[in-house]
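In this text the structure is predicted, and so the values were computed from the model without any measurement. Letters A, B, ... mirror the listed sequences (proteins, then strands); counts begin at 1.
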Number of protein chains: 4
Amino acid sequence: MGAVKGKRMPRAVREQQMMDAAVRVFGQRGYRAASMDEIAELAGVSKPLVYLYLNSKEELFTACIRREAAALVDAVRGGVTPGEPADRQLWAGLRAFFTHTAERPDAWAVLHSQARTHGEPFAAEIAVMREEIVAFVTLLIAEAAREAHDNPLLPEQDVAGLAEALVGAAEALAVWANAASGVTAKEAAATLMNFAWSGLGNLMDGKSWSPPSR
Amino acid sequence: MGAVKGKRMPRAVREQQMMDAAVRVFGQRGYRAASMDEIAELAGVSKPLVYLYLNSKEELFTACIRREAAALVDAVRGGVTPGEPADRQLWAGLRAFFTHTAERPDAWAVLHSQARTHGEPFAAEIAVMREEIVAFVTLLIAEAAREAHDNPLLPEQDVAGLAEALVGAAEALAVWANAASGVTAKEAAATLMNFAWSGLGNLMDGKSWSPPSR
Amino acid sequence: MGAVKGKRMPRAVREQQMMDAAVRVFGQRGYRAASMDEIAELAGVSKPLVYLYLNSKEELFTACIRREAAALVDAVRGGVTPGEPADRQLWAGLRAFFTHTAERPDAWAVLHSQARTHGEPFAAEIAVMREEIVAFVTLLIAEAAREAHDNPLLPEQDVAGLAEALVGAAEALAVWANAASGVTAKEAAATLMNFAWSGLGNLMDGKSWSPPSR
Amino acid sequence: MGAVKGKRMPRAVREQQMMDAAVRVFGQRGYRAASMDEIAELAGVSKPLVYLYLNSKEELFTACIRREAAALVDAVRGGVTPGEPADRQLWAGLRAFFTHTAERPDAWAVLHSQARTHGEPFAAEIAVMREEIVAFVTLLIAEAAREAHDNPLLPEQDVAGLAEALVGAAEALAVWANAASGVTAKEAAATLMNFAWSGLGNLMDGKSWSPPSR
DNA sequence: TATGAATGAGCCTTCATTCAT
DNA sequence: TATGAATGAAGGCTCATTCAT
C-alpha cells in the first residue's frame, strides 16, 4: 500500500509516506521507544530527509497526531447525517468511530495511548480533538433532551459529565474491541447505545438515581 | 510524610521510599522518560542502592505497578460492604475508586496511562488487575439483574461489554476529574451512577435500544 | 602510519583505523580493562561511530581477533615455500612467525594472551587459528619422517603432542623475545630449530628417551 | 572440602577460605570479570570481611598468585631428588608439574593465563616464579652438559633460550592436557622428554641444526 | 531532492570500596 | 570477629540531530 519506494517523489507524497511509517512505529513502540532510524527505514528514506521535511521527532509526532485526529473526526462527522434524530446521529457516529479505530489500530494507539501519556506538547493536541468530540456528543445529548421535552431538564454541568463518560466508555470499548478480536464495530456500538441511551432516556424523564442518604 | 531522609534505614523502609519516588517520576514523566537518576535523587538515595534493592528499571516499574494495583483494588474492595444491594455496592465502589485515584494521581497515571502503553511485561500486569475489577462489576450487574427479576435477562456476552463500558467510563471520568479540578469524587460517582444505573435498569426491564433497520 | 585523522573518510578506511586502535588498546590493557572510550579516542573518532560500524565491544574484539589471526596465518604461510624439504619449510615458517609477532606486539598480545583468557566466544576463534597452525606443523613433522625413512615411525598421537609442544615453545619464545629485547627473530627461530629438529631427528631414528622403570 | 561455613573461625583459616574462593573465581572468570561479591559469597563471608583481611582486589589477587606460585614451585621441587642424573631430575620435575597443574586447573589458569595478562603488578609476580623455574631448568641443562662432557659446549645465551623454550613447551602442554582430557600427566611428560632430551643430547654432542646459507 | 558520515549527551547498569554497628 | 547499608566512579550502549556533498 502506498507508492513504491523509488526515488525522487514530490515532497507531499514523501511526507505522507514518512507519516505513515511514523504512525506505525509510534503506535507500536510508543513515542520514546520509537527511533527515528526505524521510522526512516520503514519509510524507505534516509534519516536526514525526515529531518528536512518534518524537522524533529517532536514535530513529526505532532504532525502524526494532527493528521490522525483530523482523520478520526472526519470519519465520525462523515458518518453522521445532520438533521436526523439525535439517537440515530449518535448511533451513526459511534459506528463510524468503532469502524475507524478498528481499521487503523496504530493510529488509534497513537491518539488514545501515546499522545496522552507523553507530556504537554502532545496531550494538548489530543485535548483539542477530544473536546471537539465531547462537544459534539454534548450537543447530541442536549438535542435529545430537546426532542424529548420542550425544555432541557439537565443542567449543563451534568451534561458535560455525561458526555465525558460516554466518550470514555467508547474509548475503552474501542481498545477492548481491538484487543479481544471477536467484537465487531457494530456490536460495540450497539452495546454502548443500549447502555447509554436507555440510561440517558431515564435521566431525561427525571428518573435519576439518588445516592443513599448516608 | 514518610520517614526522614536520614541515612541507614532498614531495607524494607528504603524500598518503600524508592517506590514512592518511582511512582511519582514514572507517573509524571512516563516509563521511558523517567530516569533512574531522578528516581534515586527523589528517593534521597544513591543510584546503586536502587539497583541493589530493585534490580532494574523494568523490575522497579513492575514492582510499582503491582503495589499500586493492589492498593487500588484494596481501596475499592474496602469501600464496599458485601451483601448490600447491588446499586449501593456499585455506588460505594465508585466513590472509593474516584477517591483513591484523586488522592494518588501519580499512581493512577502509572496504572492507567503508563503501564498500558509500554509493552507486554507491564500491560499484562494491568490486564490482571483490570480483569479483577471488571469481574467484580460484572458480578454486581448480574446481581442487580437477579434483584430486579427472578431470572437474569442479560446474556453473558452483553454483560461483559456493559461492564467493560462502565469501567472504561469510570476510568475516563477519573482522568477528567483529576485534570479539571472542581469535580469531586462524589460528583463523579453520582454522574456515573446516574448514567449507568438508569440505563442498566431499562435494559433489565427489556427496554433496550434498537438500531435502525438500515 | 595510516591515513590522517581528518574527517569524512569512507567506511572501510575508518573501520580499519578503529581496529588498529582497538588492537592496540586490547593488546595493552586487556579485553575487560580496555574501554570503548579509549579506543574511540585513539582512533580519532567518536564512540557512537565505533558502535555504528562495529556494533559492540564483543564484536569489535572478535573482528580484531579474526583480522590478526588471518594476518598471522598469512604471514607464516607466505614465508614458506611449499615443496621444499620439511626442515627448510619449518625454518622459514618460524622466521616468518617470529618476525610477524615482533613487528606487531599488540596483535600478538591480543591473539596469544587476551583472546585465550576471556571466555568462549573468543577462545574458540583462537582455537581455530591454532589448530590450523598445529595441523601445518604436524604435516611438516610427518613429511620429515617420510623424507628420513620410507615409513613414518611416529604414531599419530605422538606427532600431535610433538606439534603441540613445538607450537607452544614457539609461542613462549615469541613472548620472551618481545619482552627481553635483544633477541632477534632469526635467533629465536634458530634456537627453536636447534632444539626441536635435532630431537625430532633422533626420534625418527628411533633413539627415543625412555622413562626410568619406576 | 575445607571447613564448614560456620562463623567465628580464626583469621588464618578464613583467609585460606577466601583465597580458595578467589582462586576459583579468578581462574574461571578472569581478574577483571571476577567480582568481589561473587568471591565473598563463594567464601561464605560478607564482603567487608574480605576487605578487612585482604585489603583490596589487587592485593587479594596478588596473594592468590603468590600462594599458588609457591605451591607450584614446591610441588616441582618436591618431586625432584637432588643429586640424581639431570635427565631423571627433569623427568621427575615435569611429572610433578603436569600432575600439579592437572589437579588445580583454576590455580593454573590464574598463574598462566590471568596473572600474565593483567598488567604490571601481577605480571611481575609471575616473572619471579617463572625465572625461578627457568633457572632450575637452566641448571639441569648445564649439569647435563657437564655429565656428558667435561666442558659445557653450549654458550650461556643459548642455554637460556633452550630453557625458555622447554618451559614454554611444558606450559603449552599443560594447557593442552587440561583442555583435551585424555592425556595424562605421565604421557605429557614423556612426550616432552622425548622431544626435548633427544634434541638437547644432540646439541651437546655438537650435532646442531644449521640454517641454510640464504 | 537526497544521503553517507559523524557526534554530544544521556541513560542503564556494575563494581570496588567504605561506614556504622 | 563480623555484617547490613550505602556510594563515587566509570563503562557499554543508544538516540536525536547535523554536516558536507
Atom-to-atom span, [atom1] of [X] to [atom2] of [N] - whole angstrom:
X: D:Ile39; N: E:dT17; atom1: CD1; atom2: C1'; result: 14 Å
X: D:Leu54; N: E:dA16; atom1: CG; atom2: C1'; result: 14 Å
X: A:Gln17; N: E:dA2; atom1: CD; atom2: C1'; result: 13 Å
X: A:Glu41; N: E:dA2; atom1: CD; atom2: P; result: 18 Å
X: C:Asn55; N: F:dC15; atom1: CG; atom2: P; result: 13 Å
X: C:Glu15; N: E:dG4; atom1: CD; atom2: P; result: 15 Å
X: A:His118; N: F:dA16; atom1: NE2; atom2: C1'; result: 16 Å

NZ or CZ of C:Lys57 within 45° of C:Tyr31 ring axis and under 6.0 Å: yes
Residue whose closest nucleotide on DNA chain E lies nearer the 5' end, B:Met36 versus C:Ala12: C:Ala12
Along DNA chain E (nearest heavy atom to each residue), the more 5'-positioned of C:Leu52 and B:Ala34: C:Leu52
Polar side-chain atom of C:His112 near backbone of C:Trp108 as donor-acceptor pair, under 3.5 Å: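 Side chain of C:His112 to backbone of C:Trp108: no pair is present.
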Which residue lies more 5' along DNA chain F, comparing C:Asp37 with B:Ser46 via nearest heavy atoms: B:Ser46
Residue whose closest nucleotide on DNA chain F lies nearer the 5' end, B:Pro48 versus A:Arg32: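 It is B:Pro48, whose closest nucleotide lies nearer the 5' terminus.
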Sugar-phosphate only, base, or nothing, as touched by D:Arg11 at under 4.0 Å among non-hydrogen atoms: nothing
Looking only at side-chain atoms of [X], point me to the closest of [options].
X: A:Ser35; options: F:dC15, F:dG12, F:dA6; result: F:dC15
X: C:Leu49; options: E:dG4, E:dT1, E:dT7; result: E:dT7
X: C:Arg8; options: E:dA6, F:dT7, E:dG4; result: E:dG4

G-U wobble or Watson-Crick pairing nucleotide for E:dT21 (cut-off 3.5 Å, both distances):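 Partner of E:dT21: F:dA2.
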Side-chain N,O (B:Arg14) to OP1/OP2 (F:dA6) below 4.0 Å: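 Yes, B:Arg14 has a side-chain N/O under 4.0 Å of OP1/OP2 on F:dA6.
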A:Tyr51 side-chain N/O to E:dT3 phosphate OP1/OP2 under 4.0 Å: no
Might you confirm whether atom [atom1] of [X] has over 12 heavy atoms from other residues, nucleotides or ligands at distances under 6.0 Å?
X: D:Glu41; atom1: CD; value: no
X: C:Arg29; atom1: CZ; value: no
X: A:Arg24; atom1: CZ; value: no
X: A:Arg66; atom1: CZ; value: no

DNA chain F contacts among residues 56-65 of chain C, heavy-atom distance under 4.0 Å: C:Ser56, C:Lys57
Distance-only donor-acceptor test, B:Lys47 side-chain atoms vs F:dT7 base atoms, 3.5 Å: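 There is none.
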Closest approach of A:Met129 to A:Leu111 (non-hydrogen atoms, all atoms of both residues): SD-CD1, 4.3 Å
Exercise: identify the closest heavy-atom pair between B:Ala115 and B:Phe122: O-CB, 3.5 Å
